[in-house]
Amino acid sequence: MQIAGIQVYPERGGKAGFTVEFVGTNGEVVSVSCPQNADGSLNRLNTVSQAKEILAAAIEADETLLAITGTRRSPSVPEGALANARQAHDRDAMEEQLEEGLEDTFPASDPVSITSSAIPKGSSHR
């Protein structure tokens with residue numbers, strides 16, 4: 001993956017940390033969530049280096065897992081669990097998952113309606 005750009009998004013104005021997206025030349029995107037540290041010193045300038053450290057640690061852990069188990073997948077993760085509808089470009093499955101998610105959040109997913117009742121009065125200058 002060749003990096004074409006890096007985007008940094010603050011979470012809750014940077015108080016909760018930042019999300020760094022590494023965008024590749026072929027449209028691939030790797031997102032890294034960097035939580036704010038205890039002293040609150042993480043900012044837009046130093047969060048990219050923090051994200052790179054997190055990625056390096058993940059790659060190292062992946063290589064260690066490969067050396068130990070002979071596979072990159074954790075033994076506790078079922079075989080088909082890593083593939084999802086978006087990766088498989090299955091539009092019907094994505095629609096079904098969206099509907100299930102909306103049903104699970106009902107009625108919170110319904111828009112709020114505001115009603116009021118008022119009785120019109122005549123002019124108050126009488």
Side-chain angles (χ1 to χ4, degrees):
M1 173 177 170
Q2 287 197 312
I3 305 294
I6 298 174
Q7 299 174 353
V8 179
Y9 301 101
E11 302 295 332
R12 290 187 29 212
K15 294 178 183 172
F18 295 85
T19 297
V20 179
E21 289 186 348
F22 298 95
V23 182
T25 55
N26 294 326
E28 60 269 24
V29 177
V30 176
S31 293
V32 179
S33 179
C34 301
Q36 187 59 265
N37 51 23
D39 58 357
S41 63
L42 192 64
N43 58 43
R44 283 187 173 277
L45 301 176
N46 62 10
T47 194
V48 174
S49 63
Q50 177 71 23
K52 288 178 181 179
E53 290 175 17
I54 292 171
L55 278 177
I59 291 168
E60 183 177 329
D62 186 54
E63 294 300 322
T64 302
L65 182 64
L66 178 63
I68 293 171
T69 65
T71 180
R72 293 188 185 280
R73 182 178 52 84
S74 172
S76 63
V77 177
E79 185 65 40
L82 296 179
N84 63 28
R86 182 174 291 175
Q87 290 170 335
H89 300 289
D90 187 348
R91 191 175 238 358
D92 293 332
M94 287 192 296
E95 288 293 327
E96 183 179 321
Q97 291 171 2
L98 175 63
E99 287 300 319
E100 288 175 6
L102 289 174
E103 288 172 4
D104 291 343
T105 61
F106 182 81
S109 61
D110 287 350
V112 177
S113 67
I114 299 174
T115 60
S116 66
S117 61
I119 300 172
K121 290 173 58 175
S123 176
S124 61
H125 296 293
R126 288 187 196 182

Begin from the C-alpha positions of S41 and N37 and carry the test side-chain hydrogen bond (donor to acceptor under 3.5 Å, both in side chains) through to its verdict. CA-CA 7 Å; S41 63; N37 51 23; 3.0 Å; yes

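Proximity of Q50 to L42: side-chain heavy atoms (C-beta onward) are separated by under 4.5 Å at one or more points. Between F22 and V32, some side-chain heavy-atom pair lies under the 4.5 Å cut-off. Between I6 and V23 there is no side-chain heavy-atom pair separated by less than 4.5 Å.
The hydrophobic clustering, which links ILVMFWY residues whose side-chain heavy atoms are closer than 4.5 Å, places I3 and V29 apart. Hydrophobic cluster membership is shared by L55 and F18, with clusters built from Ile, Leu, Val, Met, Phe, Trp and Tyr side chains linked at under 4.5 angstrom.
The minimum heavy-atom distance between K15 and Q36, with the atom names listed, is O-CB, 3.4 Å.
Interatomic distance, OG of S31 versus CD of Q7, reported as 9.0 Å (0.5 Å rounding). Atoms SG and NZ, from C34 and K52 in turn, are 12.0 Å apart once rounded to the nearest 0.5 Å.
Scored by the side-chain contact (heavy atoms from CB on, under 4.5 Å) test, E28 finds M1, N26 as partners (sequence neighbours excluded). Checked against side-chain hydrogen bond (donor to acceptor under 3.5 Å, both in side chains), E11 has the following partners two or more places apart in sequence or in another chain: T19.
Between the side chain of T47 and the backbone N or O of R44, no donor-acceptor pair lies under 3.5 Å. Side chain of N43 to backbone of N46: a donor-acceptor contact under 3.5 angstrom is found.
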